[in-house]
Peer 1: 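This is the structure I want to talk about, given as structure tokens.
Each chain gets a letter, A, B and so on, in the order the sequences are listed, and its residues count up from 1.
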Number of protein chains: 2
Amino acid sequence: MTPPRTGRHDREHIVGVALDLLDRFGLPDLTMRRLATELDVQASALYWHFDSKQDLLAAVSDRILARIPEPSAGLDLLAAARAVRDALLTHRDGAEVVMSSAALRPGPSRAQDVLRSALPGDVDDADLAATAVLQFVLGHTTLVQQRMHGESHGAASTAGALDDRATDAAVFEAGISLISLGADRARSRH
Amino acid sequence: MTPPRTGRHDREHIVGVALDLLDRFGLPDLTMRRLATELDVQASALYWHFDSKQDLLAAVSDRILARIPEPSAGLDLLAAARAVRDALLTHRDGAEVVMSSAALRPGPSRAQDVLRSALPGDVDDADLAATAVLQFVLGHTTLVQQRMHGESHGAASTAGALDDRATDAAVFEAGISLISLGADRARSRH
DNA sequence: ACCTGAACACCGTTCAAGT
DNA sequence: ACCTGAACACCGTTCAAGT
């Protein structure tokens with residue numbers, strides 16, 4: 001059943017190693033040369049498997065998003081938004097990776113699908129709302145992860161770190177709650 | 001009144017040229033070396049004026065945000081959000097520049113202030129809401145501008161370009177409207 | 001105070017050539 | 001089919017030295 005494995009590496013495997021490198025060193029240090037070294041291969045070898053670094057990052061983005069669970073019935077917007085956020089938070093700089101590839105993947109992604117499923121099906125503005133929620137989650141999580149990066153190489157006080165985490169969560173809940181409330185109200189006006 | 005101009009360039013001037021380069025070639029091509037060439041100077045000369053490229057980009061970010069008008073009374077949330085978005089759209093890749101420096105500028109920025117001023121002063125969740133709105137605007141505009149970049153070097157159909165612009169605007173209005181509705185409702189519950 | 005020149009340690013990508 | 005080796009055209013940053 002598994003496809004023939006003549007070469008040493010296939011796309012799937014390379015994406016896995018890239019994800020590992022991402023978690024250990026962050027996006028700025030995820031270079032084609034480092035990835036190649038990790039695979040015991042020349043950098044140029046990667047260009048047989050991927051057209052470009054963009055192409056590689058798009059595959060990494062897809063893998064990050066694949067962690068989002070299937071849209072299940074009865075999921076409310078807050079739960080759906082949390083599922084997307086948590087998938088992004090699972091890997092270092094996950095939001096930035098997804099964002100950088102989001103423009104090239106125009107079709108409704110897995111993320112968009114879960115969010116859409118948590119909104120009323122009869123309102124035609126629901127697609128717009130789902131997109132807006134996705135953009136909020138991406139913006140929010142990107143900024144959160146960027147601050148993590150800043151802290152790690154020792155810029156500010158470690159004292160406020162727990163505070164920041166709590167505030168981040170509160171901002172997220174506030175954002176989604178307001179949109180939920182707004183959607184309910186828009187709906188109750190028929 | 002003007003401070004002494006002994007050297008050929010000061011920070012203000014360099015930021016202006018950087019912004020011009022940004023508009024003409026985009027963020028990936030805004031390199032220290034290109035900027036130096038544009039200023040008829042060696043790249044190393046820039047490091048007398050700025051500690052690092054990050055430092056330079058932070059100054060560029062501040063200049064982009066400086067275009068946001070003062071928070072005036074009676075401004076509603078939609079108008080305030082538009083003011084922030086329009087400032088970001090004024091320069092190519094503006095949202096990405098601001099986002100990349102946002103983590104290092106933790107204090108309430110000019111953008112946060114306008115948004116905050118458009119929300120009720122008596123609700124203590126208003127700060128959370130203002131931050132959430134800012135994160136939505138940044139996420140939204142970053143994705144919009146990334147798609148512009150993708151189109152420009154000729155990926156997809158030019159036919160749907162106008163369509164995209166209209167959809168982008170609709171998503172933005174939908175997002176802000178829903179949050180406004182939600183905020184009203186949260187407020188009317190005392 | 002402000003800038004040059006040279007160097008260091010890197011990048012992404014291409015392409016002929018190997019197996 | 002898959003990879004090597006070498007090259008091309010770049011990066012950000014540091015630092016002694018100049019003026």
Side-chain angles (χ1 to χ4, degrees), chain A residues 2-18 21-22 24-61 93 96-97 100-101 103-104 146 149-150 153-155, chain B residues 2-18 21-22 24-61 93 96-97 100-101 103-104 146 149-150 153-155:
Chain A
T2 50
R5 278 292 319 280
T6 56
R8 291 190 274 150
H9 305 295
D10 54 1
R11 284 175 65 105
E12 241 191 297
H13 175 233
I14 295 174
V15 168
V17 175
L21 230 42
L22 186 67
R24 286 194 283 154
F25 307 109
L27 184 56
D29 286 331
L30 175 52
T31 68
M32 298 299 267
R33 290 177 125 103
R34 275 174 86 108
L35 178 55
T37 300
E38 193 79 4
L39 291 164
D40 274 308
V41 123
Q42 293 297 116
S44 52
L46 295 173
Y47 290 84
W48 194 92
H49 299 279
F50 298 91
D51 286 343
S52 63
K53 188 179 182 182
Q54 275 269 19
D55 188 27
L56 186 258
L57 285 180
V60 172
S61 170
D93 294 335
E96 204 177 336
V97 170
S100 74
S101 303
L104 313 181
Q146 234 157 265
H149 176 266
H153 61 55
Chain B
T2 51
R5 278 293 319 279
T6 57
R8 290 191 275 148
H9 306 295
D10 54 2
R11 285 175 63 105
E12 241 191 298
H13 176 232
I14 295 174
V15 168
V17 175
L21 231 40
L22 185 67
R24 285 194 284 154
F25 306 110
L27 184 56
D29 286 331
L30 175 53
T31 69
M32 297 301 266
R33 290 177 125 102
R34 274 174 85 108
L35 177 55
T37 300
E38 193 78 5
L39 292 162
D40 273 308
V41 122
Q42 293 297 115
S44 52
L46 296 173
Y47 289 84
W48 194 91
H49 299 279
F50 298 93
D51 285 344
S52 63
K53 188 180 183 180
Q54 274 270 18
D55 188 28
L56 186 259
L57 285 180
V60 172
S61 171
D93 294 335
E96 203 177 336
V97 170
S100 74
S101 303
L104 312 182
Q146 234 157 263
H149 175 266
H153 61 56

Peer 1: Verify, without hydrogens or angle tests, whether B/Asp93 (side chain) and B/Gly26 (backbone) share a donor-acceptor contact under 3.5 angstrom.
Peer 2: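 Absent.
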Peer 1: Please determine, for the side chain of A/Val41, which listed nucleotide (D/dC11, D/dT13, D/dC3) has the closest atom?
Peer 2: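 Output: D/dC3.
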Peer 1: Roughly how many Å is it from CD in B/Gln42 to P in D/dC15, rounded to a whole number?
Peer 2: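 So the CD-P distance, B/Gln42 to D/dC15, works out to 18 Å.
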Peer 1: Between atom CG in B/Asp40 and atom C1' in C/dC2, what is the gap in whole Å?
Peer 2: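 To the nearest whole Å, that distance equals 16 Å.
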Peer 1: Taking CG from B/Leu56 and C1' from D/dC11, how many angstroms apart are they, rounded to a whole number?
Peer 2: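 Distance, rounded to whole Å: 15 Å.
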Peer 1: Among C/dT4, D/dA1, D/dA6, which nucleotide sits nearest the side chain of A/Ser44?
Peer 2: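 Closest of the options to the side chain of A/Ser44: D/dA6.
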Peer 1: Looking at every non-hydrogen atom in both residues, tell me the closest pair between B/Gln54 and B/Leu104 and how far apart they are.
Peer 2: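 That would be OE1-CD1, 3.4 Å.
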Peer 1: May I ask which nucleotide in the shown strands pairs with C/dT13, Watson-Crick or G-U wobble, both distances under 3.5 Å?
Peer 2: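 For C/dT13, the partner nucleotide comes out as D/dA7, under the 3.5 Å rule.
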Peer 1: Quick one: look up who C/dA1 pairs with, Watson-Crick or G-U, both distances under 3.5 Å, and put none if it's unpaired.
Peer 2: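 C/dA1 is paired, partner D/dT19.
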Peer 1: Round to the nearest Å and state the distance from A/Phe25 atom CZ to C/dC11 atom P.
Peer 2: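 Distance check: A/Phe25 CZ to C/dC11 P gives 12 Å.
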Peer 1: Round to a whole Å and report the spacing from CD of B/Gln54 to P of D/dC11.
Peer 2: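 Atom-to-atom, B/Gln54 to D/dC11, this comes out as 18 Å.
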Peer 1: According to a strict under-4.0 Å criterion, is B/Thr31 in side-chain N/O contact with OP1 or OP2 of D/dC11?
Peer 2: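 Checking B/Thr31 against D/dC11: at least one side-chain N or O falls below 4.0 Å of OP1 or OP2.
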Peer 1: Indicate yes or no: at least one non-hydrogen side-chain atom of B/His49 is less than 4.5 angstrom from one of B/Leu56.
Peer 2: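 No, too far: nothing below the 4.5 Å cut-off.
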Peer 1: Please give the distance between the C1' atoms of C/dC3 and D/dA16 as a whole number of Å.
Peer 2: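 Here C/dC3 and D/dA16 have their C1' atoms 13 Å from each other.
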Peer 1: Under a 4.0 Å N-O cut-off, is there an ion pair linking B/Arg33 with B/Glu38?
Peer 2: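 Judged by the 4.0 Å cut-off on N to carboxylate O distance, B/Arg33 and B/Glu38 do not form a salt bridge.
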Peer 1: Return the 5'-most residue of the pair A/Ala45, B/Met32 with respect to DNA chain D, ranking by each residue's nearest nucleotide.
Peer 2: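 It is A/Ala45 whose nearest nucleotide is closer to the 5' end.
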Peer 1: Could you check how far CG of A/Leu30 sits from C1' of C/dG12, rounded to whole Å?
Peer 2: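 Taking CG of A/Leu30 and C1' of C/dG12, I get 13 Å after rounding.
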Peer 1: Say you draw a straight line from CG of B/Leu22 to CG of B/Leu35; how long is it, rounded to the nearest 0.5 Å?
Peer 2: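 Answer rounded to 0.5 Å: 11.0 Å.
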Peer 1: Taking only the C1' atom of each, what is the distance from D/dA17 to C/dA1 in whole angstrom?
Peer 2: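 The same atom, C1', in both gives a distance of 15 Å.
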Peer 1: Whole Å only: how far is the CG atom of A/Leu46 from the C1' atom of C/dG12?
Peer 2: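 A/Leu46 atom CG is separated from C/dG12 atom C1' by 11 Å.
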Peer 1: Does OP1 or OP2 of C/dC3 have a side-chain N or O of B/His49 closer than 4.0 Å?
Peer 2: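 Indeed, a polar side-chain atom of B/His49 lies that close.
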Peer 1: To the nearest angstrom, how far is A/Asp29 atom CG from C/dC11 atom P?
Peer 2: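 In whole Å, C/dC11 P lies 8 Å from A/Asp29 CG.
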